[in-house]
Amino acid sequence: MWHLRGRSSVTAAAAAALHKPVAHLRLLLAVSAWSVPAAASNVAAASTTTRGGPSPSAGVAPRAMPSSSSSPPSAAEGTTAAAGGFRLTEPSFLESLMPKKEIGVDRFLAAHPEYDGRGALIAIFDSGVDPAAAGLQTTSDGKPKILDVIDWCCNPSEICSTGSGDVDTSKVVKADDDGSIVGASGTHLIINPSWKNPSQEWHVGCKLVYELFTDTLTSRLKKEREKKWDEHSQEAISEALKQLNEFEKKHSKSDDAKQKMAREDLQSRLEYLRKQAEGYDDRGPVIDIVAWHDGDVWRVAVDTQGLEGNKNCGKLADFVPLTNYRLERKFGIFSKLDACSFVANIYDDGNLVSIVTDCSPHATHVAGIAAAFHPDEPLLNGVAPGAQLISCKIGDTRLGSMETGTGLVRALIAAVEHKCDLINMSYGEPTLLPDYGRFIDLASEVVDKHRIIFISSAGNNGPALNTVGAPGGTSSSIIGVGAYVSPAMAAGAHCVVQAPAEGMEYTWSSRGPTADGDLGVSISAPGGAVAPVPTWTLQSRMLMNGTSMSSPSACGGVALLVSAMKAEGIPLSPYTVRKAIENTAASISDVPEEKLTTGHGLLQVDRAFEYAQQTKELPLVSYRISINQVGKPTSKLRGIYLRGSNTCRQTSEWTVQLDPKFHEDASNMEQLVPFEECLQLHSTDSSVIKIPEYIMVTNNGRTFNIVVNPVNISSGLHYYEVYGIDCKAPWRGPIFRVPITVIKPIALSGEPPALTLSNLSFKSGHIERRFINVPIGASWVEVTMRTSAFDTPRRFFLDTVQICPLKRPIKWEAVVTFSSPSLKNFSFPVEGGLTLELSIAQFWSSGIASHEPTCVDFEIVFHGISVDQKIIGLDGSEAPVRVVARSLLASERLVPVATLNKVKTPYRPVESNLCSLPPSRDRLPSGKQIIALTLTYKFKLEDGAEIKPRVPLLNNRIYDNKFESQYYRISDSNKCVYSSGDVYPNYVKLSKGEYTLQLYIRHDNVQLLEKLKQLVLFIERKLEKKDFIQLSFYSEPDGPTVGNGTFKSSILVPGEPEAFYVGPPSREKLPKNVLPGSVLVGSITYGVVSSFSKKDDQNQHAPASYSISYLIPPSKVDNDKEKGVSSGRKSISERLDDEVRDTKIKFLSGFNQETEDDKSSWTALVASLKSEYPKYTPLLAKILECIVQKATSDDKFSHQKEIIAAADEVVDSIDKEDLAKSLSLKPDPEDEEAQKNKKKMEETRDQLADALYQKGLALAEIESLKTDESTEASAKDVFEENYKELIKWVDAKTTKYGSLTVLRERRCGRLGTALKVLNDMIQDDSEQPKKRLYDLKIQLIEEIGWVHVSAYEKQWMHVRFPPSLPPF
């Protein structure tokens, strides 16, 4: 998803509330006045939170562009003239909140009121639309507004892309006589007797409700729930403190041991409650889901009693049952507290229920712009109030609303199945390759074969060029939309003090061209609106702006066009619609270069419809362009893009392949064969662009050549077009266009090379671009920006972009606010030899009410240290790596610094499974079936750490990826999921233990998936700061070994090389528990920033850093095992006897005792071994172990007696006095025999302690099994004596023996002490949590009477020990 940078603190907080703070927040929005109703919000402040505003490049002469309509309609209509601007009236103010005049909607609907979107169906690919939101219930002609709501992040099958809303309801129960059932959470639920269920089978499941909510809503609920928790917590703490005080008053002078233990118990209770209050972490209540078949359809009901903490609210029996949304179009609300609506879809014969909620307000806002209908407030209607919608949720709640490849593909399938006319997608991101990837291929198929018009946002990464993203700005089949702001929008929606005189593109709106020369932005539309938002926001509408908003504005406008074309019988095609809107768009600027900003101009619906009417008899065809440079084996391009000094020094020739594209169902004889068009070719500047005059095009296409001669043009940005005009119908405008972008950079001189821009004058929205040929050898720049001559604060956006083949644009950006005239410094890395665009923009609304321009002085100085190897790999040996450094530009200080701060360990799958997915949801429109590959990896952490999984083949690419999913999840043996992710993995903090990672990949080609069955995955672990490894540098090759010749720094003279060695880390510094073959990774820098003042950190390292790694070598061979054996060596016969004995003992543990014969044989074997090796403690300890592990028979009492008897045999076999004496002695560390004896004594002590421990547990179990309420005092004495014997040998409060201490304290009524010991055991991270300990903890809490703590712990049980892994 796109994001808007440079927010104010207010808006940043709002955005943080909307989305998780992850590295790739890619939603196309900025939110203002989050917690304030739109009518009362201070939108003026919020308006400074987004980016926008175009400006022609300096020194570029205007040239006419073909077939551009007149300028956008004036915004003065409906306003009152005022000095220096205009004054809004109430109607014009309301109109500005939902801008439509800008794109001609008012004129169109005035002429055709019935063509208001009726008959048009739009698929909203987004974060999920709220069906309860204002204006989204009905259309203008009374039809349902939303026809279906689908969570495409949930899979109605056994395997799911993320499962964010899935509930496993495969468990079936039946109601008891009083009409109640036990839900999946363990709650008793009353069934409404009026519900029809012929089978009387109820499918039950449960869900942690926070998994369904956005972070913002969860945060609000946590605050509300914590207030109630604090009330109960403080009450319990006060009561515990009161009991302790009363006890101390009563027993203030008592030294009795029992009194001390009683005091400790009360203190432990108080301490536990205080720690619980401090560590409170609300994971949310659990809701129960019940599904059943009523004889006609599947129904679902939800129990939400835990949400409000009121048992009288949210009862299952009071819920109005739902069915699949598309059948009855009904939704539910979880509770009044959250005010969050949801819909339900039931799949797989009731075994899976999908609870669909939105994962941000974004989709609802988008849907409202496109099609909201407010009968009582028509001025706030969306663009096409008569259109209908389907909501395809592609954003995943657990991934911070990020889209997934699986969700995108399924959404395309749904759009085809529902026979949608349009798709709006306000998501996107930068891309490695334009017009490439699986989703792009499938989207093109949807457009070409199924005639769906696909409209998407261009991106929010402007104002620099080459910032359009996928899919909207980089895909041939998708209409990419830029964001425009009109004077009325500025004055009304944004509440600026003084509106600009003319409309403009928002500063942050992304610009073209694409890397392969295409225009990038197709059209522009209003990029801000006050539109509906979900009910859980506790307001009906809010202001958002971004290309996320311009896209649905354009989509709504095209929906009007679709409505009219359907009504008048005009053939509907994405090809003709696109040509109509592009050829009739209103020009926003007369400067040709601004087409890279605005596209063909501002959408004009009325003119587009007139165009469609005139062309209705013409063929439904689109021209596809493929370009190659003559003499070069380059890939096929979609435009001509010259970016660099060398390309501008000579004439180049290009071959254009022009191919007519018909829809796949076109008739050969009726459409393809007769197709023929005579086109006259034009260029916008014949002095630079040479072309043929005419071409004849048939169905098989035509080629022609273009000659570009940029030698004599001025430095800077130049944009040209070659276009074809139908000789028979020139009124059609350009039939095709070839975009030609030429960037001629300036060359710098000096030592170091520098560019100084003096006295630049900026007004609101003004942009200055400079294109610089970065000198070879440059690796970073240092920038100084000085502002002066202004009154009010000014805000600037600074962007630099370099284009590198097969790489995302190299972009640096900064948002700078000058509250007063001052100076600021920056530094950032660059690539030598590549053209750098420097874009300086004053934010479109910054200083808008001031008549004083901002004066800016800007200096950019290039520095660089070149090295012979940018990526350094230390191979694990003791040898250093030689590095040769040069400075080609000026003298530089060479100060190498290298740090290793992460370790990557490779893993291969332990299991791989291919699975054909259900055709109901995973069959492509082409009929191909999607296959899923699930890879399972196992890894172990010896210590707690922050880790991140990495799949180098797949990560960091959504749209430019040929595989449609890379979803993963990490879980433990308790089925607790700790982390999940997709394209952009995140770090997660894990405790010591063993973990399972499952990776889910999809494609319809099984051969491709077969190749990935052994896909390598890395677990990347952060080292703690104290464990960072700083590498050393040397001037001698033997330096790392002998310790001589340390290299610290040097002065590089231009052109003169200097060499040094990077030494490997010492063995002592290597992190523990790192497997051989793992790789330590980090970064290395070579220079320092030189031009900054002290207050700007004079000695900071240069921003240019490079990768460095170290391969972990094989482990050291332990030669100690090969050393000599002591003189007390046993004879061969004795050693053989020992081996036979140990083998017999080992055999015991593997003996099967399932049948009675097996048990008899085992008993006989035990008796034989006891006779053969009498009182041999290891044998008796193994027998005890086998008895404890043996499956408990029906006679539990006898089993515990058997354990006690076996434990007594172990205890009796040990000479305790001799053992105590041996353990008290400190053996000579050099005496090998003494050390062996000590180890043997410690093993004997552990066997004794284990026997006493198991005996104590058995005694306690027997005591609990007795039906007689009175327990003999002698039995209690035996338990106590056994416990006292145990504590002589070990600490009975440790994790290994603590359970017995808990039982003892519980028997004595000291529940607080028992709880303290148990809690210490649980917090010991030496092993993963055990459910039995947590169950015991809840029992103790309930016995004490802390109801609120018990409820809290039970909620956490669903997190720690889910009954199963969620659907994958």
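It should be emphasised that the depicted structure is a prediction, and the values quoted were computed from it without experimental measurement. Just so you know, these numbers use all the heavy atoms, side chains as well, and skip hydrogens, waters and symmetry mates.
- A salt bridge links Arg769 with Glu837; the closest basic N to acidic carboxylate O contact falls under 4.0 Å.
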> Where do Arg808 and Glu429 land on the salt bridge (charged side-chain N to carboxylate O under 4.0 Å, His left out) test, with the steps shown first?
Replying inline: CA-CA 10 Å; Arg808 290 184 177 182; Glu429 67 168 28; 2.9 Å; yes
> How far apart are the C-alpha atoms of Leu806 and Leu433, what are their side-chain angles, what is the distance that settles it, and do they pass the side chain to side chain contact (heavy atoms under 4.5 Å, CB included) test?
Replying inline: CA-CA 7 Å; Leu806 296 181; Leu433 289 171; 3.4 Å; yes
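- Ile625 is listed as a side-chain neighbour of Val738, based on a closest heavy-atom distance under 4.5 Å.
- There is a side-chain donor-acceptor pair under 3.5 Å between Arg107 and Gln604.
- Of all non-hydrogen atoms in Ser645 and Arg649, the two that sit nearest each other are O-CG, 3.1 Å.
- Listed for the Asn583 side chain is a donor-acceptor partner under 3.5 Å among the backbone atoms of Pro734.
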> Can Asn709 and Thr651 be said to form a side chain to side chain donor-acceptor pair (under 3.5 Å), step by step?
Replying inline: CA-CA 4 Å; Asn709 181 9; Thr651 299; 3.2 Å; yes
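- When all heavy atoms of Ile122 and Asn424 are compared, the closest pair comes out as CG2-N, 4.3 Å.
- You'll find the side chain of Ile713 reaches within 4.5 Å of the side chain of Val742, heavy atoms only.
- Under the 3.5 Å distance criterion, with hydrogens and angles disregarded, no donor-acceptor pair is assigned to the side chains of Thr698 and Asn700.
- No more than 12 heavy atoms of other residues, nucleotides or ligands lie within 6.0 Å of CD in Glu502, so this atom counts as exposed by the packing criterion.
- At a threshold of 4.5 Å between non-hydrogen side-chain atoms, the residues Val562 and Leu422 count as touching.
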> Can you check side chain to side chain contact (heavy atoms under 4.5 Å, CB included) on Tyr484 and Met504, steps first, answer last?
Replying inline: CA-CA 6 Å; Tyr484 170 85; Met504 65 182 80; 5.7 Å; no
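- Classification of Lys595 and Glu593 as a salt-bridged pair fails, no side-chain N sitting under 4.0 Å from a carboxylate O.
- The side-chain heavy atoms of Glu721 and Ile740, taken from C-beta on, include no pair separated by under 4.5 Å.
- A distance of 9.0 Å separates CG in Leu620 from CG in Asp665, rounded to the nearest 0.5 Å.
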>> Using the rule given for side chain to side chain donor-acceptor pair (under 3.5 Å), can you reason through Thr431 versus Asp960, listing the C-alpha separation, both sets of side-chain angles and the distance that settles it, and then say yes or no?
In response: CA-CA 6 Å; Thr431 183; Asp960 46 353; 3.1 Å; yes
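- A side-chain donor-acceptor contact under 3.5 Å links Thr647 to the backbone of Gly644.
- Ring centroids of Phe662 and Phe675 are separated by less than 6.0 Å, placing the two rings close together.
- For Asn460 (side chain) and Thr547 (main-chain N/O), a donor-acceptor pair under 3.5 Å exists by modelled atom type.
- Between Arg624 and Asp448 there is a salt bridge, since at least one side-chain N of the basic residue sits less than 4.0 Å from a carboxylate O of the acidic one.
- Ion pairing between a basic and an acidic side chain is recognised when a charged N comes within 4.0 Å of a carboxylate O; Asp421 and Arg451 show no such pairing.
- Side-chain atoms of Ser622 do not come within 3.5 Å of backbone N or O of Lys661 as any donor-acceptor pair.
- Residues Arg702 and Asp659 are not paired through a salt bridge, judged by the lack of any N-O separation under 4.0 Å between the basic side chain and the carboxylate.
- Residues Glu676 and Val697 fail the side-chain proximity criterion, which asks for heavy atoms closer than 4.5 Å.
- The 12-atom threshold is not exceeded at CE of Met669, counting heavy atoms of other residues, nucleotides or ligands nearer than 6.0 Å.
- When all heavy atoms are compared, the tightest approach of Pro574 to Ile453 is CA-CG1, 3.9 Å.
- Side-chain atoms of Pro739 and Asp518, non-hydrogen and from C-beta on, do get closer than 4.5 Å to each other.
- Put simply, the side chain of Thr615 gets close to the backbone of Tyr611: a donor and an acceptor are under 3.5 Å apart.
- In this structure, the side chain of Ser486 engages the main chain of Met489 through a donor-acceptor pair within 3.5 Å.
- For Pro513 against Leu465, the heavy-atom pair with the smallest separation is CD-CB, 4.4 Å.
- Centroid-to-centroid, the aromatic rings of Phe609 and Phe108 come within less than 6.0 Å.
- Other residues, nucleotides and ligands contribute more than 12 heavy atoms inside 6.0 Å of the CD atom of Glu664.
- With rounding to the nearest 0.5 angstrom, the OG atom of Ser839 is 9.5 Å from the CD atom of Glu768.
- Partner Tyr723 forms a side-chain contact (heavy atoms from CB on, under 4.5 Å) with one of Thr684, Leu681, Ile735 and no other, that one being Thr684.
- Side-chain N or O atoms of Thr741 include none that pairs as donor or acceptor with a backbone N or O of Tyr719 at under 3.5 Å.
- Checked by atom type, the side-chain pair Ser444/Ser477 shows a donor-acceptor distance below 3.5 Å.
- No donor-acceptor pair under 3.5 Å is formed between the side chain of Glu568 and the backbone N or O of Ala564.
- Atom CD1 of Ile523 and atom CZ of Arg578 lie 9.0 Å apart (nearest 0.5 Å).
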>> Val707 vs Asn705, test: side chain to side chain contact (heavy atoms under 4.5 Å, CB included). Steps then yes/no.
In response: CA-CA 7 Å; Val707 176; Asn705 282 13; 5.6 Å; no
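- Ser587 places a side-chain N or O within 3.5 Å of a backbone atom of Ser589 that can act as its donor or acceptor partner.
- The closest side-chain donor-acceptor pair between Glu582 and Ser522 falls under 3.5 angstrom.
- For the atom pair Ile124 CD1 and Cys420 SG, the distance stands at 9.5 Å (nearest 0.5 Å).
- Heavy-atom contacts from other residues, nucleotides or ligands closer than 6.0 Å to NZ of Lys616 number 12 or fewer.
- In this structure, Arg118 does not pair ionically with Glu114, as no charged nitrogen and carboxylate oxygen lie closer than 4.0 Å.
- Residues Gln614 and Arg732 fail the side-chain proximity criterion, which asks for heavy atoms closer than 4.5 Å.
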>> Determine whether Met565 and Val577 satisfy the following criterion, side chain to side chain contact (heavy atoms under 4.5 Å, CB included), listing intermediate values before the conclusion.
In response: CA-CA 10 Å; Met565 293 174 72; Val577 168; 3.9 Å; yes
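- Taking each heavy atom of Ala464 and Thr467 in turn, the nearest pair found is O-OG1, 2.8 Å.
- A donor-acceptor contact shorter than 3.5 Å is absent between the side chain of Lys744 and the backbone of His718.
- Note that CD1 of Ile103 and CZ of Arg607 are 12.5 Å apart. Values are rounded to the nearest 0.5 Å.
- For the atom pair CG of Asp435 and OG of Ser475, the computed distance is 5.5 Å after rounding to the nearest 0.5 Å.
- Within the 4.5 Å cutoff, the side chain of Thr597 has no heavy atoms near those of the Ser509 side chain.
- Taking all atoms of both residues into account, the shortest heavy-atom contact from Leu412 to Ala443 is CD1-N, 3.8 Å.
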